[in-house]
Number of protein chains: 2
Amino acid sequence: MTTGQNHCDPLESLEKAGLQKTIQRIVVLRAVIRADRPITAAEIYEDLDVAERVNKVTVYRVLASLEEAGIVRGIPTVDGMNYYEMACSHNPLHAHFYCRYCRAMTCLGPLGEEICQNLYPSCRHEADALSVSITGLCNDCRRNKTKRKEEPL
Amino acid sequence: MTTGQNHCDPLESLEKAGLQKTIQRIVVLRAVIRADRPITAAEIYEDLDVAERVNKVTVYRVLASLEEAGIVRGIPTVDGMNYYEMACSHNPLHAHFYCRYCRAMTCLGPLGEEICQNLYPSCRHEADALSVSITGLCNDCRRNKTKRKEEPL
DNA sequence: CGATACTTGCAACTGAGTTGCAAATCGGGT
DNA sequence: ACCCGATTTGCAACTCAGTTGCAAGTATCG
């Protein structure tokens with residue numbers, strides 16, 4: 001589940017959301033699209049080359065406005081970091097895998113209709129987000145288990 | 001899903017886990033049991049009366065050792081806070097509801113067998129935790145929507 | 001182009017959680 | 001019951017993701 005995000009056009013998304021089309025928003029949005037997997041604000045900031053430098057604070061603010069506009073989606077992890085992905089690229093109801101060692105987050109694909117049907121009714125509140133996350137060791141980290149010096153979180 | 005945690009005995013749990021039975025660990029463990037819903041380290045610290053004062057740092061360290069020993073279970077939220085609940089009180093696979101306004105977390109009950117069966121196989125990694133969390137407004141906060149001055153996160 | 005509302009960058013701050021280290025406590029062996 | 005090494009605690013200082021206030025800059029609309 002790591003393909004097909006490139007049909008999301010930054011300018012078009014901002015237009016539709018009624019947000020001003022600033023360079024900073026376009027740069028951040030492009031970084032999220034380019035990543036093609038959920039990434040953190042810090043990763044976005046570090047991945048920007050000198051030409052498209054954007055202040056770290058701005059990255060946070062842009063992500064917040066993009067999330068509020070429904071353009072990106074935030075995903076929290078066990079260690080309190082927030083990851084962002086394009087909202088347009090998936091069904092809002094899908095599961096993620098988070099490696100507690102290398103801290104990479106991958107998408108496991110959309111949840112089946114039956115699963116969602118089963119989860120929501122049990123909730124007698126006004127729900128607006130459903131997040132399923134599986135934590136553990138990814139294949140790479142598991143393979144390198146014996147070579148590692150430090151311990152996972 | 002807020003009952004039946006009191007059968008977890010602090011001393012017995014520590015004994016079984018092979019952890020030293022210090023006052024601090026017992027005090028923190030009692031606070032988690034007393035809460036009868038997932039609570040944060042800060043809440044635990046504030047809920048302690050003068051007689052059972054434990055340093056804030058110790059609360060974090062105790063929770064970490066209790067989690068590692070499998071006595072309590074940590075649950076992350078969208079705003080990066082960690083909630084803890086007794087591991088013995090539920091099936092490890094259950095869903096939580098988190099109110100993005102009052103930040104109270106409640107348990108929605110265990111996930112059905114079919115749901116878990118559906119989620120795990122899609123994951124080709126070494127999974128050790130499955131967390132399902134539904135975020136939104138709880139009934140109290142929804143009811144008071146019109147009265148509120150500040151906005152939810 | 002010019003007015004106005006929104007956005008950015010900077011610096012200083014917040015708040016959850018961590019770390020280093022000396023003092024206190026636990027618990028197994030005698 | 002007491003001693004000693006191993007573990008745990010408290011304190012203070014730190015880290016680090018994320019936020020805030022504010023002045024300067026920029027987008028958009030007429």
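All values derive from a computational prediction rather than experimental measurement. A note on names: the letters A, B, ... follow the listed sequences, proteins ahead of strands, and every chain is numbered from 1.
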Mapping B/Arg61 and B/Gln20 onto DNA chain D by nearest heavy atom, which one lands closer to the 5' end?
-> B/Gln20
Tell me whether the OP1 or OP2 atom of D/dT9 has a side-chain N or O from B/Gln24 closer than 4.0 Å.
-> yes
Interatomic distance where CG belongs to B/Leu66 and P belongs to D/dT8 [whole Å] = 11 Å
Length of the CD1-C1' vector between A/Ile44 and D/dG18, whole Å | 14 Å
Roughly how far apart are B/Leu29 CG and B/Thr22 OG1, rounded to 0.5 Å?
->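 It is 10.0 Å, given to the nearest 0.5 Å.
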Start and end of chain B contact along DNA chain C [non-hydrogen atoms, under 4.0 Å] =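 Listing 5' to 3', DNA chain C meets chain B from C/dA16 to C/dG27.
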State whether B/Tyr83 and B/Arg103 meet the cation-pi test: NZ (Lys) or CZ (Arg) under 6.0 Å from the six-membered ring centroid, and within 45° of the perpendicular axis.
->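 Relative to the ring axis of B/Tyr83, which defines the angle, B/Arg103 lies outside at least one limit.
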With axes from five pairs an end, tell me the bend angle of the helix from C/dC1-D/dG30 to C/dT30-D/dA1, nearest 10°.
-> 40°
Pick the nucleotide of DNA chain C nearest each of B/Ile23 and B/Tyr60; which residue has the one closer to the 5' end?
-> B/Tyr60
Residue met sooner reading DNA chain C from 5', once B/Thr40 and A/Val59 are mapped to nucleotides =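 So the residue in question is A/Val59.
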Can you name the residues that form a salt bridge (Lys or Arg N to Asp or Glu O under 4.0 Å) with A/Glu15, not counting sequence neighbours?
->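 With neighbours one apart ignored, the set is A/Lys21.
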Look at all strands and tell whether A/Lys21 reaches a base, only sugar-phosphate, or nothing, counting heavy atoms closer than 4.0 Å.
-> sugar-phosphate
Under 6.0 Å from the CD atom of B/Glu68, do we count more than 12 heavy atoms belonging to anything else shown?
-> no
